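One structure is given here, and the rest of the page talks about it.
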Amino acid sequence: MEKQKLLIDGERLKATIETFANFGGTKNNGVTRLSLSEEDRLAREYFQTCCEALKMSVVVDDMGNMYATLPGIEDKPPIAIGSHLDSVKKGGRFDGVLGVIAGLEIVRTLVENEIKPRIPITLVNFTNEEGARFEPSMMASGVLSGKFDKETMMQKKDKDGIIFADALREIGFTGEESNRLKEAAAFLELHIEQGPVLEHESLNIGVVDCVVGMVCYEITINGESDHAGTTPMTMRKDALFAANNFIAEARRQLDTVDEELVFTMGRMNVSPNIHTVIPNQVVFTLEARHKNPNIIKKVEDIVEALTRNCENEGCQIEAEKLWDRSTVMFNESLVDQLEQSAKELGYSHKKMASGAGHDAQFIASYIPTAMLFVPSINGKSHSEDEFTPYEDCEKGINVILDAVLELQNL
């Protein structure tokens with residue numbers, strides 16, 4: 001007879017999500033819980049209270065990351081589960097916090113069923129994933145993984161000039177470097193998709209196999225300002241016309257590269273931005289994302305060729321690569337386990353890439369890591385309209401729970 005799958009309590013999950021949403025809740029059913037704010041402090045303290053009620057030990061490291069550990073029978077590196085509690089301004093009630101709640105509900109389920117894990121389970125709340133108050137995003141996981149310099153991060157300021165280190169001290173969550181997550185058997189992060197694919201395809205689960213690579217350029221086009229009423233069209237050096245030509249041709253060529261390539265012209269500054277003056281300069285960004293580095297290379301080739309060959313209206317065109325990042329592939333064995341757990345639970349699913357960044361991509365550099373997505377209605381995220389059905393949240397956590405039990409050999 002097949003063994004019945006252990007499942008979490010869906011009603012308790014819903015109540016927990018709604019309780020966390022009260023910390024920084026907005027009038028339009030969203031959340032503003034900026035990192036190291038009073039709202040963040042309250043959410044952290046509630047999380048700690050919940051963990052201590054389960055007899056978990058809770059420690060904090062020097063970046064303010066929180067770790068709650070349920071001891072195992074064997075003293076081995078833990079299975080870590082987590083995400084972040086901070087939000088953007090007027091964000092949603094699921095982004096980030098769902099991954100922390102997932103770990104909490106998994107431990108609650110084990111404890112109430114009197115299941116002692118073979119190896120420890122550690123729940124993680126990473127500090128300042130969003131970067132909405134202190135830039136950059138994924139700050140603390142970046143320090144843990146050696147991507148960012150700690151002292152530089154500690155001196156980052158918010159818009160009011162408050163220093164990160166001071167804000168961390170103010171909310172009472174400064175800990176020891178020795179408490180950092182240094183090793184683990186696995187790190188698992190549940191997150192809302194933040195896109196429309198799962199809902200569009202009527203799927204319950206997205207098993208994330210990678211975070212895509214990306215490249216970002218700043219395009220600068222220099223022309224000449226003249227009077228908009230007296231300068232003949234044939235004698236103009238209009239930077240905005242040249243920018244329009246560049247963007248149209250870039251879109252035409254990039255559309256043919258690969259169906260999974262996404263690209264955005266996301267910021268544009270036009271000078272002098274006066275309706276009676278021909279624009280003399282346009283500066284805009286072009287960002288592209290894809291998991292295949294060869295596709296990203298094709299994007300770079302197209303951008304560089306366009307700076308030389310695009311119809312430029314007599315203007316000068318320059319392209320500067322601001323930054324790029326490589327695709328981060330998640331641990332194949334863990335990805336397979338999550339897919340197998342979704343299958344055994346009877347949940348519809350697919351493998352997919354993440355176009356957005358997450359703490360998991362940094363942690364993957366030194367700990368076996370995998371991610372799971374659940375649907376975002378209308379693809380909404382980072383807004384008060386963000387919503388994921390509670391039933392889908394429950395299914396996502398059940399998949400993580402099943403994978404944890406398999407990894408525990410329970």
Side-chain angles (χ1 to χ4, degrees), residues 13-48 50 60 63-66 81-105 123-142 153 156-160 162 164 167-168 170-173 189-195 354-362 371 373-390 392-393 396-397:
L13 168 64
K14 180 179 179 181
T16 302
I17 292 173
E18 292 178 347
T19 298
F20 271 100
N22 289 329
F23 303 117
T26 65
K27 64 180 181 180
N28 293 321
N29 213 34
V31 171
T32 296
R33 192 165 54 236
L34 301 180
S35 184
L36 311 187
S37 64
E38 176 65 8
E39 295 80 10
D40 187 24
R41 181 186 70 81
L42 292 172
R44 285 166 169 264
E45 289 183 350
Y46 178 68
F47 173 59
Q48 181 168 345
C50 291
V60 179
M63 291 300 298
N65 298 313
M66 299 176 67
I81 308 166
S83 194
H84 59 97
L85 293 178
D86 66 311
S87 80
V88 298
K89 186 175 182 180
K90 292 186 178 180
R93 55 173 53 199
F94 299 90
D95 180 358
V97 66
L98 181 62
V100 178
I101 292 173
L104 184 61
E105 288 302 315
L123 312 187
V124 186
N125 167 36
F126 290 109
T127 300
N128 194 36
E129 192 274 351
E130 295 290 3
R133 182 182 178 192
F134 301 97
E135 295 183 354
S137 59
M138 302 183 295
M139 179 188 285
S141 59
M153 296 301 106
K156 292 291 183 176
K157 296 180 180 179
D158 68 7
K159 63 181 181 62
D160 297 317
I162 298 173
F164 178 90
L168 184 60
E170 180 68 22
I171 68 165
F173 277 86
E189 181 172 1
L190 175 67
H191 209 280
I192 60 171
E193 181 192 353
Q194 300 180 284
S354 173
H358 300 282
D359 289 312
Q361 77 189 65
F362 282 162
M371 285 193 74
F373 282 165
V374 287
S376 296
I377 299 302
N378 295 322
K380 295 290 186 180
S381 181
H382 282 191
S383 80
E384 294 170 310
D385 295 329
E386 173 187 290
F387 185 72
T388 295
Y390 293 108
D392 287 328
C393 295
I397 299 175

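Keep in mind that this is a model prediction, so the values were computed, not measured.
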**Q.** Arg41 and Glu45: CA distance, side-chain angles, deciding distance, side chain to side chain contact (heavy atoms under 4.5 Å, CB included) verdict
**A.** CA-CA 6 Å; Arg41 181 186 70 81; Glu45 289 183 350; 2.7 Å; yes
In sequence, state the C-alpha distance, the side-chain angles, and the governing distance for Phe126 and Glu189, and then conclude on side chain to side chain contact (heavy atoms under 4.5 Å, CB included).
CA-CA 11 Å; Phe126 290 109; Glu189 181 172 1; 5.7 Å; no
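Taking the six-membered ring where tryptophan is involved, the planes of Phe134 and Phe164 are perpendicular, since the angle between them exceeds 60° and thus also 30°.
The closest side-chain heavy-atom distance from Tyr390 to Glu18 is below 4.5 Å. Put simply, the side chain of Asp95 does not reach to within 4.5 Å of the side chain of Ser87, judged on heavy atoms.
Between the CD1 atom in Ile101 and the CZ atom in Phe94 there is a gap of 9.0 Å [rounded to 0.5 Å]. Taken from CD1 in Ile397 to CG in Leu98, the straight-line distance is 5.5 Å, to the nearest 0.5 Å. Here the straight-line distance linking atom SG of Cys50 with atom CD of Glu105 works out to 9.0 Å at 0.5 Å rounding. Once rounded to the nearest 0.5 Å, the distance linking NZ of Lys90 with NZ of Lys27 reads 7.0 Å. If you take OH on Tyr46 and CG on Leu104, they are separated by 7.5 Å, rounding to the nearest 0.5 Å. Rounded to the nearest 0.5 angstrom, Thr388 OG1 and Lys380 NZ are separated by 13.5 Å.
Using a distance-only test at 3.5 Å, with no hydrogens or angles considered, no donor-acceptor pair links the side chain of Ser83 to the main chain of Val97. Under a 3.5 Å cut-off, the side chain of Ser137 and the backbone N or O of Gly131 do not form any donor-acceptor pair. Using modelled atom types, one side-chain atom of Glu386 and one backbone atom of Arg93 make a donor-acceptor pair closer than 3.5 Å. In this structure a side-chain-to-backbone donor-acceptor pair under 3.5 Å is present from Arg133 to Leu36. Asn125 contributes a side-chain N or O that, together with a main-chain N or O of Leu85, makes up a donor-acceptor pair within less than 3.5 Å. Side-chain N or O atoms of Thr127 include one that pairs as donor or acceptor with a backbone N or O of Asn65 at under 3.5 Å. Between the side chain of Arg33 and the main chain of Phe23, a donor-acceptor pair closer than 3.5 Å is present. A donor-acceptor pair is defined here as one N or O able to donate and one able to accept, closer than 3.5 Å; such a pair exists between the side chain of Ser37 and the backbone of Leu34. The backbone N or O of Thr32 lies less than 3.5 Å from no partner atom in the side chain of Glu39, so there is not a single donor-acceptor pair. Panel note: side chain His358, backbone Ala360; no donor-acceptor pair is recorded below 3.5 Å.
Heavy-atom minimum distance, Gln194 versus Ser381: NE2-OG, 2.9 Å. Between Val374 and Gly396, the shortest heavy-atom distance links the atoms CG1-CA, 3.7 Å. Between Gly96 and His191, the closest heavy-atom pair is N-NE2, 3.5 Å. Here the shortest heavy-atom pairing between Met153 and Pro136 reads SD-CD, 3.5 Å. Contact record, Asp158 with Ile162: OD1-N, 2.8 Å, taken as the closest heavy-atom pair. The two atoms that bring Leu168 and Gly64 nearest to each other are CD1-CA, 3.7 Å, heavy atoms only.
The number of heavy atoms from other shown groups lying within 6.0 Å of CD (Glu38) is above 12.
With Ser141 as reference, Asp359 is the one residue of Asp359, Val124, Asn128 to meet the side-chain contact (heavy atoms from CB on, under 4.5 Å) rule.
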